[in-house]
Amino acid sequence: EFVAKFPKLTFILNHAGFPLRGQFDEWHKGILALATCPNVCVKIGGLGCYDETNWSQTEIDTYVRATIDAFGVDRSMFASNLPVDLIDIPNPTLRYDSFLQAVNGIYPPSDIQKLFHD
């Protein structure tokens, strides 16, 4: 409701809405609702940083793809969560690689370029 009151203002949802392990359905319902607002974009990063253990690649794939499918590639972007990510993932390229693995072969190269750069 809040973002709909300000249609000329762009909002960016950080960390894909801070999903928590085991709460996909509730999180997804909120993501789908926010995605109906064309003035909301999403940064995908920091997935699992609030859970006690790192997420598996399957969990990352599920949340990344659900987020992109809801918002589309033109309103989605990958982001680091540095330096906080260094607490759980000492090599930041591992986070990048997990995002790339989540989209590689699922989305066309032009869409992947948008998610990581444009």
**Item:** ring pair (Phe, Tyr, Trp, His ring centres under 6.0 Å) contacts touching residues 29-48 (sequence neighbours left out)
**Value:** none

**Request:** With rounding to the nearest 0.5 Å, note down the distance linking CD1 in Ile12 to CG in Asn39.
**Result:** 11.0 Å

**Prompt:** Which residues satisfy the side-chain hydrogen bond (donor to acceptor under 3.5 Å, both in side chains) test with Thr36, sequence neighbours excluded?
**Reply:** none

**Asked** Do the side chains of Val42 and Phe11 join up, straight or via other hydrophobic residues, at under 4.5 Å, putting them in one cluster?
**Response** yes

**Request:** For Phe78, check ring pair (Phe, Tyr, Trp, His ring centres under 6.0 Å) against everything at least two apart and list the hits.
**Result:** Phe99, Phe116

**Complete:** Applying side-chain contact (heavy atoms from CB on, under 4.5 Å) to Ile106 and not counting sequence neighbours gives Arg65

**Asked** Are Leu32 and Val64 co-members of a hydrophobic cluster defined by side-chain heavy atoms under 4.5 Å apart?
**Response** no

**Complete:** Taking every heavy atom of Ala16 against every heavy atom of Trp27, the minimum-distance pair comes out as O-NE1, 2.7 Å

**Request:** Applying ring pair (Phe, Tyr, Trp, His ring centres under 6.0 Å), name anything that partners Phe18, two or more places apart in sequence or on another chain.
**Result:** His15, Tyr50

**Prompt:** In the single-linkage hydrophobic clustering (I, L, V, M, F, W, Y; side-chain heavy atoms under 4.5 Å), do Met77 and Val103 co-cluster?
**Reply:** no

**Message:** Check for me, please, whether Ile60 and Tyr96 land in the same ILVMFWY cluster - side-chain distances under 4.5 Å, paths through other members count.
**Reply:** yes

**Asked** Ala70 and Arg75: which non-hydrogen atoms are nearest, and at how many Å?
**Response** O-NH2, 4.3 Å

**Set of residues satisfying side-chain contact (heavy atoms from CB on, under 4.5 Å) with respect to Ser56, sequence neighbours excluded** = Thr58, Glu59

**Residues in salt bridge (charged side-chain N to carboxylate O under 4.0 Å, His left out) contact with Asp111, at least two apart in sequence or another chain** = none

**Item:** Main-chain N/O of Gly48 paired with Arg21 side-chain donor or acceptor, under 3.5 Å
**Value:** no

**Fill in**
Between the CD1 atom in Ile68 and the CD1 atom in Ile44, the distance rounded to the nearest 0.5 Å is 4.5 Å

**Request:** Could you tell me which residues satisfy salt bridge (charged side-chain N to carboxylate O under 4.0 Å, His left out) with Asp74, sequence neighbours excluded, listed by chain and number?
**Result:** Lys114

**Item:** Gap separating the SG atom of Cys37 from the CD atom of Glu1, nearest 0.5 angstrom
**Value:** 10.0 Å

**Item:** Value rounded to 0.5 Å, distance of CG in Leu34 from CZ in Phe2
**Value:** 12.0 Å

**Fill in**
Residues at least two apart in sequence or cross-chain that pass side-chain contact (heavy atoms from CB on, under 4.5 Å) with Gln101, listed by chain then number, are Gln57

**Interatomic distance, Leu47 atom CG to Thr62 atom OG1 [nearest 0.5 angstrom]** = 11.0 Å

**Item:** Which atom of Gly72 lies closest to which atom of Ser76, heavy atoms considered
**Value:** O-OG, 2.7 Å

**Request:** State which residues pass ring pair (Phe, Tyr, Trp, His ring centres under 6.0 Å) with Trp55; sequence neighbours excluded, sorted by chain then number.
**Result:** Tyr63

**Request:** Under the side-chain hydrogen bond (donor to acceptor under 3.5 Å, both in side chains) rule, collect the residues that match up with Asn54, sequence neighbours excluded.
**Result:** none

**Request:** Apply side chain to side chain contact (heavy atoms under 4.5 Å, CB included) to the pair Asp69 and Tyr107, showing each step before the final yes or no.
**Result:** CA-CA 10 Å; Asp69 290 346; Tyr107 302 96; 2.8 Å; yes

**Prompt:** Taking only residues two or more places apart in sequence or in another chain, which ones pass side-chain contact (heavy atoms from CB on, under 4.5 Å) with Asn104?
**Reply:** Ile112

